[in-house]
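Every chain is numbered from 1, with letters handed out A, B, ... down the list of sequences.
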2 protein chains.
Amino acid sequence: MLKSAALAETPPPMRRGRPRKSAEERDESQRRADLVRAAAQLFRAKGFDATSTRDIAAATGMQSGSPFYYFESKSALLLAVMVDGMAQAQAHQDAALKALPARASARDRLRALIRQHFEVLLGAGSDFIPVMLYEWRSLTALQREQVATQKDSYEAAWMPSLNALHRTGHLQARPAVARLFIFGALNWTVQWFDPAGPRSLDDLTEQALCLFVGKA
Amino acid sequence: MLKSAALAETPPPMRRGRPRKSAEERDESQRRADLVRAAAQLFRAKGFDATSTRDIAAATGMQSGSPFYYFESKSALLLAVMVDGMAQAQAHQDAALKALPARASARDRLRALIRQHFEVLLGAGSDFIPVMLYEWRSLTALQREQVATQKDSYEAAWMPSLNALHRTGHLQARPAVARLFIFGALNWTVQWFDPAGPRSLDDLTEQALCLFVGKA
DNA sequence: CCTACCGATCGGTAGG
DNA sequence: CCTACCGATCGGTAGG
């Protein structure tokens, strides 16, 4: 039962009543979350294939066979990293849009989207999305569909802003292709951005905005 | 001797005199090129770690141990793919720039650079550069330096055009950051572009140009 | 180049 | 969750 929940990755049921989980349940889901976090970090640092389930176990303080108590396969663990990551990214994006004034301009909306995307991509402890971007290949076709649905919904939220900016002539490429190029430009930053370097995420955001839709 | 040549990856010496290579030498360098091409294709399709040297041997019609007669390690084979790929890309880029009219505008120069980059990235049988872009991690630090030098030189050729377009106000982001974003946008196309799809490389080029520096 | 082989590592499982 | 283990695969080598 725990194992199938791991696959479907639905958040815990959140019933209204008081005693939600026994102590053991909380322990188990905590251990499970530890595994996902350690996996995300290792997959990002060394790649999926180069990371052994023993590495992940050790990073979580377990013995070699124990991750398979929580996940039915190494690949299910990878899926969990991606699904959790996309769910977090979507939540952040929703919050960022909701925090915007109702009459914010398309430019301001795009800025907010770019800024929060950088946060999720380059912020401290953000290994989930980079893993999703660079380890597609290691998913089965079925798993890929599942994550693709989340990704499509995440990216679709950008289209209203892009369409509006295209209408006003600020975005000069066709919005559908522009979206692909823009995500490419932003996602590629994980290859070169140095959090310890001189550039801030705010600066990066402003430069990206200038590049795609010009100044002011 | 063959092995060290494989590491340094210098093209065959090309002496002036007549009998350049014996038949065996030509055979050997042909077999070597076969290995590099097969490796590039497999590394791209399945990734470096998921490709065994046995896969590569089989794709070249050899037995399992034979690739090690030509390359001292699997990693040396990966390096060869990248070094050969960058050398080809650089040659194409030089040719594309030389084919331009002497008084071509900065916009035309950038268009030519983008167009030829797409060719090298997405054209038929172009597995070398995608491998270089997505298998960095599998190189040793020393190997990485070697390829980085080639890549720096390749990308440096874009700066005059970007600087000029910045001066005239067509490129609104700082050229140094713009270059990073632009290569991200272009390189990311290997993730989504379908050569069998409706979009042509010419169309893609024009849309990219519009996105970064606007129309006309 | 092939044949035959080695040592190491890996994902995964049984049984508790 | 741990212990103990299996079968498979892999990079690489010796010896011709």
ring-ring contact (aromatic ring centres under 6.0 Å, His included) contacts in which one or both residues fall within residues 193-212 of chain B, not counting sequence neighbours: none

side-chain contact (heavy atoms from CB on, under 4.5 Å) involving A:Leu180 - partner list, sequence neighbours excluded: B:Trp192, B:Arg199

Partner set under salt bridge (charged side-chain N to carboxylate O under 4.0 Å, His left out) for A:Arg137, not counting sequence neighbours: B:Glu135

Centroid-centroid under 6.0 Å between A:His92 and A:Tyr154 rings: no

DNA chain C contacts among residues 41-52 of chain A, heavy-atom distance under 4.0 Å: A:Thr51, A:Ser52

Residue whose closest nucleotide on DNA chain D lies nearer the 5' end, B:Gly65 versus A:Asp27: A:Asp27

Partner set under side-chain hydrogen bond (donor to acceptor under 3.5 Å, both in side chains) for A:Thr140, not counting sequence neighbours: A:Gln143

Which pairs would a plain distance check flag for residues 34-45 of chain A, meaning a side-chain donor or acceptor within less than 3.5 Å of a matching protein atom at least two apart in sequence or in another chain?
residue: A:Asp34; atom: OD1; partner: A:Gln30; partner atom: NE2; Å: 2.9
residue: A:Arg44; atom: NH1; partner: A:Ser126; partner atom: O; Å: 3.0
residue: A:Arg44; atom: NH1; partner: A:Asp127; partner atom: OD1; Å: 3.4

Residue list, ring-ring contact (aromatic ring centres under 6.0 Å, His included) with A:Tyr134, at least two apart or on another chain: B:Trp188

Qualifying side-chain hydrogen bond (donor to acceptor under 3.5 Å, both in side chains) pairs, either residue in residues 58-68 of chain A, two or more places apart: none

For chain A, the stretch of DNA chain C it reaches, first to last nucleotide, under 4.0 Å of its heavy atoms: C:dC10 to C:dT13

Range-with-range stems for DNA chain D, at least three Watson-Crick or G-U pairs under 3.5 Å: C:1-16 with D:1-16

side-chain hydrogen bond (donor to acceptor under 3.5 Å, both in side chains) partners for B:Asp202, two or more places apart: B:Arg115

All side-chain hydrogen bond (donor to acceptor under 3.5 Å, both in side chains) counterparts of B:Ser200, not counting sequence neighbours: none

